[in-house]
There are 2 protein chains.
Amino acid sequence: MHLVTEQPVTASDKTFIQLRQDIVEGDIQSGSKLSETELANRYAVSRAIVREAINRLENCHLVERKPNVGARVVALSPERLVSLYQVRESLEGMAARLAATNMSDDEIDNLQALLSTHLQTVQSGETYYQEAGDVDFHYRIILGSKNDHLISMLIEGIYHLIRMYRVQLGMAGPRVTTAFDEHRSIAQAIDNRDGELAEMLMRRHIFYTRNNLEQKLLEAVG
Amino acid sequence: MHLVTEQPVTASDKTFIQLRQDIVEGDIQSGSKLSETELANRYAVSRAIVREAINRLENCHLVERKPNVGARVVALSPERLVSLYQVRESLEGMAARLAATNMSDDEIDNLQALLSTHLQTVQSGETYYQEAGDVDFHYRIILGSKNDHLISMLIEGIYHLIRMYRVQLGMAGPRVTTAFDEHRSIAQAIDNRDGELAEMLMRRHIFYTRNNLEQKLLEAVG
DNA sequence: GTCGATAAAATTGTCGACAATATAGCCAAA
DNA sequence: TTTGGCTATATTGTCGACAATTTTATCGAC
């Protein structure tokens with residue numbers, strides 16, 4: 001049981017995924033310019049491939065493009081973080097509410113099982129949970145909403161930008177344990193088919209996360 | 001005072017906008033296949049331009065593309081309408097709430113003025129209001145939220161798909177007058193800086209609209 | 001007549017070259 | 001020294017041709 005793997009079939013797919021990873025993980029610095037020729041050399045593909053990849057990244061809000069000028073990796077800023085997390089709070093809150101209705105019993109069992117393994121990981125002090133585990137939890141609830149547009153907007157739309165903030169600001173410290181408890185409450189509300197509560201808990205959870213990230217960002221930037 | 005005009009600078013922009021319009025207005029039938037070569041001839045541009053336009057349309061959820069197979073215009077269905085409007089209700093509800101806080105006094109005055117002209121148009125029995133007028137009203141509130149991500153997701157993301165349902169199903173009948181009253185209530189709540197009420201009224205307004213469209217869609221399809 | 005394999009046609013994916021635009025550097029005039 | 005415009009350079013936008021893949025058509029076996 002793991003993250004959904006998007007299967008790259010075309011060269012453009014592979015480049016898109018690679019480039020996205022390099023941006024999210026900070027190998028390509030936030031705010032830097034994306035030269036089509038340079039990237040074409042770097043990934044050993046034609047410029048057309050790179051162009052298409054960049055276009056797709058624009059929809060994920062990971063790069064910004066100006067006609068006849070070029071594309072830049074987005075800059076992380078407190079203002080953008082807030083506006084992003086406002087949207088996230090609304091959409092994932094909705095996802096949690098819908099998931100409480102639309103997830104199958106099996107899916108909920110699997111969600112609970114996932115949390116059990118997370119508990120062990122947290123207790124063992126591993127770092128796994130910080131990124132992949134959290135993403136996986138949210139991922140499943142989003143998919144559990146069974147709302148295609150919602151799923152698309154979150155996963156293809158803003159999820160990797162959210163990851164970018166998390167990865168580049170780091171998610172360590174006491175927040176990890178707290179977040180795990182919040183996850184468990186949310187899962188329990190879904191298990192009880194209590195959509196309203198699930199939404200409220202999810203919104204609150206995301207709000208806390210935002211405050212945590214915002215603080216780190218302010219420390220980092222000044 | 002009218003809709004924000006996106007300024008097309010490149011040939012790709014123009015083709016994108018033209019193709020989008022042809023899809024939204026039904027000149028290219030919903031569900032039909034988009035042949036790159038055919039469209040290249042039709043719009044007198046190269047295939048590369050058409051490809052880029054189609055890629056952009058995919059992000060608006062107006063076409064679906066399969067690797068090595070091609071792109072099709074999305075099919076309108078009651079299920080998709082519901083999932084789309086669920087998202088819309090959440091996002092535009094949020095927009096209304098934020099707009100109540102973030103719109104300037106001048107912007108609110110302009111919004112009220114817009115409604116006055118709409119009133120005249122409705123009373124005179126013109127059809128103007130059905131499409132452009134309504135879009136313009138929502139448009140301004142979305143922009144009034146001042147949340148860049150929200151604005152982008154709504155306007156570049158799903159707005160033209162919403163328009164597609166409205167245009168192709170038609171928005172006539174008694175709903176027009178009712179909707180106008182709902183618009184006025186929303187504007188008043190924003191004027192009073194009452195974000196919670198604005199959100200609630202907006203959500204309800206969109207919910208009504210959805211029911212109206214769903215009914216028409218069921219009549220049309222069977 | 002149906003089914004499966006094979007070959008032909010059509011469509012999408014990819015590439016390198018050229019055109020158009022923006023950027024950087026240079027020179028001259030104030 | 002600074003400013004303005006011009007030239008040279010670099011980067012993006014666009015195109016047509018070729019490669020890879022899918023779809024359609026053809027044919028033979030059962």
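Letters A, B, ... are given to chains in the order of the sequence lines, protein chains preceding strands, and every chain is numbered from 1.
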Could you pull out every donor-acceptor pair under 3.5 Å between side chains of residues 19-27 of chain B and any protein atom, sequence neighbours left out?
| from | atom 1 | to | atom 2 | distance (Å) |
| --- | --- | --- | --- | --- |
| B:R20 | NH1 | B:E6 | OE2 | 3.1 |
| B:R20 | NH1 | B:H160 | NE2 | 3.1 |
| B:R20 | NH2 | B:E6 | OE2 | 2.2 |
| B:D22 | OD1 | B:Q18 | NE2 | 3.2 |
| B:D22 | OD2 | B:Y43 | OH | 2.6 |

In a table with atom names and distances, give each donor-acceptor pair under 3.5 Å that connects a side chain of residues 66-75 of chain A to protein atoms at least two apart or in another chain.
| from | atom 1 | to | atom 2 | distance (Å) |
| --- | --- | --- | --- | --- |
| A:R72 | NE | A:G31 | O | 3.1 |
| A:R72 | NH2 | A:G31 | O | 3.3 |

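Nucleic acid contact for A:L34: sugar-phosphate only, since backbone atoms but no base atoms lie under 4.0 Å from a heavy atom of the residue.
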Might you list the N or O atoms of the protein lying below 3.5 Å from N or O atoms in nucleotides 13-18 of chain D, with each pair's distance?
| from | atom 1 | to | atom 2 | distance (Å) |
| --- | --- | --- | --- | --- |
| D:dG13 | OP1 | A:N68 | N | 3.1 |
| D:dG13 | OP2 | A:R51 | NH1 | 2.3 |
| D:dG13 | OP2 | A:R51 | NH2 | 3.1 |
| D:dG13 | O3' | B:T10 | OG1 | 3.1 |
| D:dG13 | N7 | A:R47 | NH2 | 2.8 |
| D:dG13 | O6 | A:R47 | NH1 | 2.9 |
| D:dT14 | OP1 | B:T10 | OG1 | 2.5 |
| D:dT14 | OP1 | B:A11 | N | 2.5 |
| D:dT14 | OP2 | B:T10 | OG1 | 2.7 |
| D:dC15 | OP2 | B:S46 | N | 3.1 |
| D:dC15 | OP2 | B:S46 | OG | 3.0 |

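Separating the CG atom of A:L39 from the P atom of D:dT12 is a distance of 9 Å, rounded to the nearest angstrom. Rounded to an integer number of Å, the gap from A:E38 CD to D:dT12 C1' is 15 Å.
Under the side-chain contact (heavy atoms from CB on, under 4.5 Å) criterion, A:S104 pairs with A:D106, A:E107, sequence neighbours left out. Residues that satisfy the side-chain contact (heavy atoms from CB on, under 4.5 Å) test with A:D105, not counting sequence neighbours, are A:R193. Shown here are the side-chain contact (heavy atoms from CB on, under 4.5 Å) partners of A:A187, two or more places apart in sequence or in another chain: A:L111, A:Q112, A:L115, A:F137.
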